[in-house]
J.: 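Pasting a structure below so you can have a look.
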Protein chains: 2
Amino acid sequence: MSFKGHRMTNQRRTILEVLKGTTSHPTADWIYDEVKQKIPNISLGTIYRNLNLLAESGQILELNYTNTQTRFDGNPSPHYHFICQECGRVYDLALELQPQLDMEAEQISGHRIDFHRLEFYGICQECLTHDSPPN
Amino acid sequence: MSFKGHRMTNQRRTILEVLKGTTSHPTADWIYDEVKQKIPNISLGTIYRNLNLLAESGQILELNYTNTQTRFDGNPSPHYHFICQECGRVYDLALELQPQLDMEAEQISGHRIDFHRLEFYGICQECLTHDSPPN
DNA sequence: ATATCTGCAAATGGTTTGCGGAGGA
DNA sequence: TCCTCCGCAAACCATTTGCAGATAT
């Protein structure tokens, strides 16, 4: 099982499994801690190299919503996100895709538009109902 | 001329002028080089401190589209952007705002949504018509 | 067989910060 | 006056990378 000339190493498989097995849009550091439980001597450099390679080959998504740590999404199919400004959690949104926006923007701007990214910001349900939110 | 207890120093005024005087969504480094022409001994730390302060007080926008350098926008009113994947330039888009998306996303998710960010990606008109694009 | 990958550790580079002095209000 | 701000330089920290050995195919 490989992907376009890339080898499916134990490290790469485990990283992909961990990322596919969560909906929390984790950071490289969080993934590192998780994978370490299965491959104790894995290095953080390997985590980064594989996350970048997986993102380049379209198997995962890279999310840059802040200027600090990058987050990763095991679901590579197009969808929108919600970012809670209180706890920082990132949620998937079931909002339907809006491909007509690409057409409109293309006509207005004259640029060739391939895709768009849409992120919503606010306070998540969890933080709204709890005084001291976890995480 | 101040802003909520903040002092309007020569450095801060010049940084704001430079940023308001361009539509190129520059990086802190570019702003540094520009401001240095007027205040030769200004430090990069001052650039960052002021950009952060101006962003926090809503006078400018902070754009995090990549995991490398942050870009800044002298126009703080809500609008959408287009990022060219060939030359990296960031353009403003005249596309009308889509506030109904906030309503829809709020109903679907149950989170309180305050605003959204929408960015389009593709190849800009400049790069489409020129073989070797500048910048 | 061999090109890709890994662990290790050092380097990178954008951004932040502590400090003592300067300068707006 | 006094509190915020500045320049300077070091620190910070997420991410990248060079190298020599390991491993998937």
Side-chain angles (χ1 to χ4, degrees), chain A residues 1-19 24-57 59-73 88 90, chain B residues 1-19 24-57 59-73 88 90:
Chain A
M1 201 175 193
S2 66
F3 200 97
K4 287 193 203 174
H6 296 152
R7 295 179 183 170
M8 184 47 70
T9 61
N10 186 34
Q11 289 86 339
R12 185 164 303 155
R13 184 185 313 107
T14 306
I15 290 169
L16 200 47
E17 281 172 6
V18 163
L19 192 48
S24 71
H25 309 81
T27 62
D29 220 57
W30 185 92
I31 297 168
Y32 178 46
D33 288 339
E34 288 294 308
V35 174
K36 245 192 311 192
Q37 296 176 20
K38 299 181 180 181
I39 308 175
N41 67 331
I42 196 172
S43 75
L44 189 53
T46 297
I47 301 289
Y48 276 107
R49 269 188 288 236
N50 278 290
L51 288 173
N52 288 340
L53 187 148
L54 291 168
E56 282 166 22
S57 60
Q59 300 173 77
I60 66 174
L61 294 181
E62 209 180 300
L63 312 177
N64 303 305
Y65 296 142
T66 71
N67 52 0
T68 56
Q69 293 181 91
T70 298
R71 286 171 173 273
F72 296 88
D73 191 334
V90 178
Chain B
M1 200 176 192
S2 66
F3 200 96
K4 289 194 203 174
H6 296 150
R7 294 178 183 169
M8 183 48 69
T9 60
N10 187 35
Q11 287 87 341
R12 185 165 302 155
R13 183 186 314 107
T14 306
I15 290 169
L16 200 47
E17 280 171 7
V18 163
L19 192 48
S24 70
H25 310 82
T27 61
D29 221 56
W30 185 91
I31 297 168
Y32 178 47
D33 287 340
E34 288 294 308
V35 174
K36 244 193 312 193
Q37 296 177 20
K38 298 181 179 180
I39 309 176
N41 67 330
I42 196 172
S43 77
L44 189 52
T46 297
I47 301 289
Y48 276 107
R49 268 189 288 238
N50 278 292
L51 288 173
N52 288 340
L53 186 148
L54 291 167
E56 282 166 22
S57 59
Q59 299 173 78
I60 66 174
L61 294 181
E62 209 180 302
L63 312 176
N64 303 304
Y65 296 141
T66 71
N67 54 358
T68 55
Q69 293 181 93
T70 299
R71 287 172 173 271
F72 296 88
D73 190 335
V90 178

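Here is the naming used below: chain letters follow the sequence lines, and residue numbers restart at 1 for every chain. The shown structure was predicted, so the numbers you read here are calculated from the model rather than taken from an experiment.
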J.: Mind calculating the distance between CZ (B/Arg71) and P (C/dT15) to the nearest angstrom?
T.: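 So the CZ-P distance, B/Arg71 to C/dT15, works out to 11 Å.
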J.: Indicate, with a heavy-atom threshold strictly under 4.0 Å, whether A/Thr27 touches base, sugar-phosphate, or nothing.
T.: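 No contact.
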J.: From the options A/Arg12, A/His6, A/Gln11, select the one residue that forms a side chain to side chain contact (heavy atoms under 4.5 Å, CB included) with A/Met8.
T.: A/Arg12
J.: Within residues 40-52 of chain A, which residues have any heavy atom lying less than 4.0 Å from an atom of DNA chain C?
T.: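 Those residues are A/Asn41, A/Ile42, A/Ser43, A/Thr46, A/Arg49, A/Asn50.
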J.: Ignoring hydrogens and angles, tell me if any N or O in the side chain of A/Arg71 forms a donor-acceptor pair with the backbone of A/Leu63 under 3.5 Å.
T.: no
J.: Counting heavy atoms from C-beta on, name the nucleotide in D/dC5, C/dA25, D/dA24 closest to the side chain of B/Met8.
T.: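 Comparing D/dC5, C/dA25, D/dA24 against the side chain of B/Met8, the answer is C/dA25.
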J.: When you measure only distances, ignoring hydrogens and angles, does the side chain of B/Arg7 come within 3.5 Å of the base of D/dT4 through a donor and an acceptor?
T.: yes
J.: How far does CG of B/Leu53 sit from CD1 of B/Ile60, to the nearest 0.5 angstrom?
T.: 9.0 Å
J.: Expected output is a numbered-order residue list: members of residues 30-38 of chain B with a heavy atom under 4.0 Å from any atom of DNA chain D. What is it?
T.: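 Residues of residues 30-38 of chain B that come under 4.0 Å of DNA chain D do not exist, since none gets that close.
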J.: Which nucleotide in the list D/dC6, C/dT6, D/dC5 gets nearest to the side chain of B/Gln11?
T.: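 From the listed options, D/dC6 comes nearest.
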J.: Would you mind reporting whether A/Leu19 and A/Leu51 have side-chain heavy atoms less than 4.5 Å apart?
T.: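 In contact.
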J.: To the nearest Å, give me how far apart CD (B/Glu62) and C1' (C/dG14) are.
T.: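 These atoms are roughly 13 Å apart.
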J.: Can I get a per-line list of side-chain donor-acceptor pairs under 3.5 Å for residues 36-44 of chain A, giving both atom names and the distance, sequence neighbours left out?
T.:
unit_1, atom_1, unit_2, atom_2, d
A/Ser43, OG, A/Thr46, N, 3.3
A/Ser43, OG, A/Thr46, OG1, 3.2

J.: Using the C1' atoms of the five pairs at each end, what is the angle between the end axes of the helix from C/dA1-D/dT25 to C/dA25-D/dT1, to 10°?
T.: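 Taking five pairs per end, the axes differ by 50°.
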J.: With respect to the phosphate group of D/dC6, does any side-chain polar atom (N or O) of B/Thr9 fall under 4.0 Å of OP1 or OP2?
T.: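 Indeed, a polar side-chain atom of B/Thr9 lies that close.
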J.: How would you list all residue pairs meeting ring-ring contact (aromatic ring centres under 6.0 Å, His included) that involve residues 28-55 of chain A, not counting sequence neighbours?
T.: none
J.: Output the residues of residues 12-19 of chain B in contact with DNA chain C, where contact means a heavy atom of the residue under 4.0 Å from an atom of the strand; sort by number or write none.
T.: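 Residues of residues 12-19 of chain B under 4.0 Å from DNA chain C: none.
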J.: If you take all heavy atoms of B/Ile15 and B/Leu54, which pair is closest and at what distance?
T.: CG2-CD1, 4.3 Å
J.: Where do B/Ile47 and B/Ala28 come nearest, in terms of heavy atoms and distance?
T.: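 Reported closest heavy-atom pair: CG2-O, 3.7 Å.
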J.: Side chains of B/His25 and B/Phe72, heavy atoms from C-beta outward: is any pair under 4.5 Å?
T.: no
